[in-house]
*Asks:* 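What follows is a structure written as structure tokens; I'll ask about it next.
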There are 2 protein chains.
Amino acid sequence: MGIPAAAAGRPAGLPRVTRQGAAVRAALASRTEFVSAQELHAQLRGKGVGVGLTTVYRHLQALVDSKQVDVLQTPDGQTVYRLCAREEHHHHLVCRHCGRTVEIEGREVERWTYRIAEAEGFVDVEHTVEVFGTCGECAARRS
Amino acid sequence: MGIPAAAAGRPAGLPRVTRQGAAVRAALASRTEFVSAQELHAQLRGKGVGVGLTTVYRHLQALVDSKQVDVLQTPDGQTVYRLCAREEHHHHLVCRHCGRTVEIEGREVERWTYRIAEAEGFVDVEHTVEVFGTCGECAARRS
DNA sequence: TCATTACTGGTAATGGTTTCCATTACAGAA
DNA sequence: TTCTGTAATGGAAACCATTACCAGTAATGA
């Protein structure tokens, strides 16, 4: 073996498989809405799964870094996470009451962003596009 | 006098004019980029204007509530404020390095948002659309 | 099994924002 | 102008989500 595994460490990039990591991922998979790290932690604790809050944050961050999870900030400034179905770039339509989330795509928005940015001489552009509203069910319930 | 002014208080809605309020507004007017409450506070203190941080937050919030100031969260979660030129609904193209800000309007985005939301049965919709990038000057400087 | 070292998680520290509350000072009334 | 009620102020303390520390634990390759 040319490379001393011990010295080189893990094949660089592949994290170890741990009970906690799986738990966090599973908890996230069980929810279709965006949830905060704290909520997820509480959910796990509630089910008797011992996981530290620090660890929950770490795994969520790792999932975000590896593009497996989407993050966004709610209007009130909370950071929430979600395991999205589609891989490609997309946005979200989120119910501000029940958190129900619909993944949406917006070719037009992408084009618009690109065009505007170019016109103003901006490069390396990224955009934040999130839509919040009240879903039909919640609207009916609160009518 | 039918209504006892003392009991009724100010004509309801009109805030008192104070040195601090004017200072915060002036400080904000002196900047064309989005700035945080802390930055504004430091700027005022630096110029020898005695204003408490609490007061800065209060005035900024009041200005936001009265739609005179725009707020947004930077990608790293900081809340920043800006006194915008146009009254109407608009968005921003912000340089992530120097903070230079361009007000942009997006009829297409508005339409898109509305259409999508309606199709999914969402009502009372609001959207967050902010574009971050590197402006031409900063791009040149860092090339 | 063993050694290596990444992972874990309780606690403490951060840092931006808000709350408290005693003090100050606008602004209408007299 | 002076008086008064009360909104505005601001330092300190409280909040709270997130991060840093670091000693103990456990996953993995040999």
Side-chain angles (χ1 to χ4, degrees), chain A residues 1-27 34-45 48-66 69 71-81, chain B residues 1-27 34-45 48-66 69 71-81:
Chain A
M1 234 145 266
I3 303 168
R10 195 140 319 286
L14 297 179
R16 283 181 181 171
V17 173
T18 65
R19 175 176 62 77
Q20 294 88 339
V24 170
R25 175 181 272 277
F34 274 92
V35 289
S36 69
Q38 311 262 357
E39 279 180 273
L40 225 48
H41 179 244
Q43 175 181 323
L44 287 167
R45 280 297 171 88
V49 181
V51 183
L53 178 57
T54 304
T55 301
V56 172
Y57 272 107
R58 257 192 303 250
H59 281 288
L60 286 174
Q61 193 50 57
L63 288 167
V64 169
D65 290 343
S66 62
V69 161
V71 221
L72 68 79
Q73 317 238 114
T74 59
D76 58 38
Q78 255 208 307
T79 302
V80 286
Y81 308 80
Chain B
M1 225 144 272
I3 303 167
R10 197 142 316 289
L14 297 179
R16 286 181 180 173
V17 174
T18 65
R19 176 176 61 77
Q20 295 87 340
V24 170
R25 173 181 272 277
F34 274 90
V35 290
S36 69
Q38 311 262 355
E39 278 181 272
L40 227 47
H41 179 242
Q43 175 180 325
L44 287 165
R45 280 298 171 87
V49 181
V51 182
L53 178 57
T54 304
T55 301
V56 172
Y57 271 106
R58 258 193 301 249
H59 281 287
L60 287 174
Q61 193 49 58
L63 288 167
V64 169
D65 290 343
S66 61
V69 161
V71 222
L72 69 80
Q73 317 239 114
T74 59
D76 57 39
Q78 254 208 308
T79 303
V80 286
Y81 307 81

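Lettering follows sequence order; numbering is per chain, from 1. Note that the structure is predicted; figures quoted are calculated from it, not measured.
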*Asks:* Going by side-chain hydrogen bond (donor to acceptor under 3.5 Å, both in side chains), name the residues that satisfy it together with A:Gln78, two or more places apart in sequence or in a different chain.
*Replies:*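 side-chain hydrogen bond (donor to acceptor under 3.5 Å, both in side chains) check on A:Gln78 returns nothing, list empty.
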*Asks:* What is the distance, rounded to the nearest whole Å, between atom CD of A:Gln78 and atom P of D:dC15?
*Replies:*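 Going from CD in A:Gln78 over to P in D:dC15 covers 18 Å.
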*Asks:* Select one nucleotide: of D:dT18, C:dA27, C:dT17, the one nearest the side-chain heavy atoms of B:Val17.
*Replies:*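 Nearest listed nucleotide: C:dA27.
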*Asks:* Measuring from atom OG1 of A:Thr74 to atom CG of A:Leu72, what distance do you get when rounded to the nearest 0.5 angstrom?
*Replies:*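 These two atoms lie 7.5 Å from each other.
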*Asks:* Measure across A:Gln73 and A:Thr79 and return the closest heavy-atom pair with its distance rounded to 0.1 Å.
*Replies:*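 Here A:Gln73 and A:Thr79 meet closest at OE1-OG1, 3.2 Å.
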*Asks:* With sequence neighbours excluded, tell me which residues meet side-chain hydrogen bond (donor to acceptor under 3.5 Å, both in side chains) with B:Thr54.
*Replies:*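 side-chain hydrogen bond (donor to acceptor under 3.5 Å, both in side chains) list for B:Thr54, sorted by chain: empty.
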*Asks:* Show the nearest heavy-atom pair for residues B:Leu44 and B:Ala23, with the distance to one decimal.
*Replies:*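 Where B:Leu44 meets B:Ala23 most closely, the heavy atoms are CD2-O, 3.8 Å.
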*Asks:* Donor-acceptor pair under 3.5 Å: do we get one between B:Arg16's side chain and the base of D:dA8?
*Replies:*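 Side chain to base: no pair below 3.5 Å.
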*Asks:* Would you say A:Arg45 places a side-chain N or O within less than 4.0 Å of OP1 or OP2 belonging to C:dG10?
*Replies:*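 For C:dG10, OP1/OP2 do have a side-chain N/O of A:Arg45 under 4.0 Å.
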*Asks:* Just to be sure I understand the rule, does B:Ser36 reach a base, reach only the sugar-phosphate, or reach nothing, if contact means heavy atoms closer than 4.0 Å?
*Replies:*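 B:Ser36: no heavy atom of the nucleic acid under 4.0 Å.
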*Asks:* Among residues at least two apart in sequence or on other chains, which ones pass side chain to side chain contact (heavy atoms under 4.5 Å, CB included) with B:Thr55?
*Replies:*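 Side chain to side chain contact (heavy atoms under 4.5 Å, CB included) check on B:Thr55 returns B:Gln20, B:Val51, B:Arg58, B:His59.
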*Asks:* Provide, to the nearest angstrom, the distance between the CG atom belonging to A:Leu53 and the P atom belonging to C:dC7.
*Replies:*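 Distance check: A:Leu53 CG to C:dC7 P gives 18 Å.
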*Asks:* Check the distance between D:dC16's P and A:Glu39's CD and give it to me in whole angstrom.
*Replies:*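 One finds 15 Å between P of D:dC16 and CD of A:Glu39, rounded.
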*Asks:* Return the minimal non-hydrogen interatomic distance between B:Leu53 and B:Gln38, and the atom names on each side.
*Replies:*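 Heavy-atom minimum between the residues: CD2-OE1, 4.0 Å.
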*Asks:* How long is the gap from CZ on B:Arg25 to CG on B:Leu60, to the nearest 0.5 Å?
*Replies:*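 B:Arg25 atom CZ to B:Leu60 atom CG measures 11.0 Å (nearest 0.5 Å).
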*Asks:* In whole angstrom, what separates A:Leu40's CG from C:dG9's C1'?
*Replies:*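 Distance, rounded to whole Å: 16 Å.
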*Asks:* Note down the inter-axis angle between the two ends of the helix from C:dT1-D:dA30 to C:dA30-D:dT1, five pairs each, to the nearest 10°.
*Replies:*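 What I find for the helix from C:dT1-D:dA30 to C:dA30-D:dT1 is an axis angle of 30°.
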*Asks:* By nearest nucleotide on DNA chain C, pick out whichever of B:Thr79 and B:Thr18 is the more 5' one.
*Replies:*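 In this pair, the answer is B:Thr79.
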*Asks:* Without decimals, in angstroms, what is the distance between A:Gln20 CD and D:dG24 P?
*Replies:*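 Answer to the nearest Å: 18 Å.
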*Asks:* Could you tell me how far apart B:Arg19 (CZ) and C:dA25 (C1') are, to the nearest whole angstrom?
*Replies:*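 Between C1' of C:dA25 and CZ of B:Arg19: 11 Å.
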*Asks:* Out of C:dT4, C:dG16, D:dT18, which has the shortest distance to the side chain of A:Ala37?
*Replies:*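 The answer is D:dT18.
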*Asks:* Taking DNA chain D as the partner, which of residues 54-64 of chain A come within under 4.0 angstrom of it by heavy atom?
*Replies:*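 Within this stretch, A:Thr54, A:Tyr57 sit under 4.0 Å of the strand.
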*Asks:* Got a sec, which residues hit ring pair (Phe, Tyr, Trp, His ring centres under 6.0 Å) with B:Tyr81, two or more places apart in sequence or on another chain?
*Replies:*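 Checked B:Tyr81 against ring pair (Phe, Tyr, Trp, His ring centres under 6.0 Å); zero matches.
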*Asks:* Starting at NE2 of A:His41 and ending at P of D:dA17, how long is that distance when rounded to a whole Å?
*Replies:*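 My rounded result for the distance is 13 Å.
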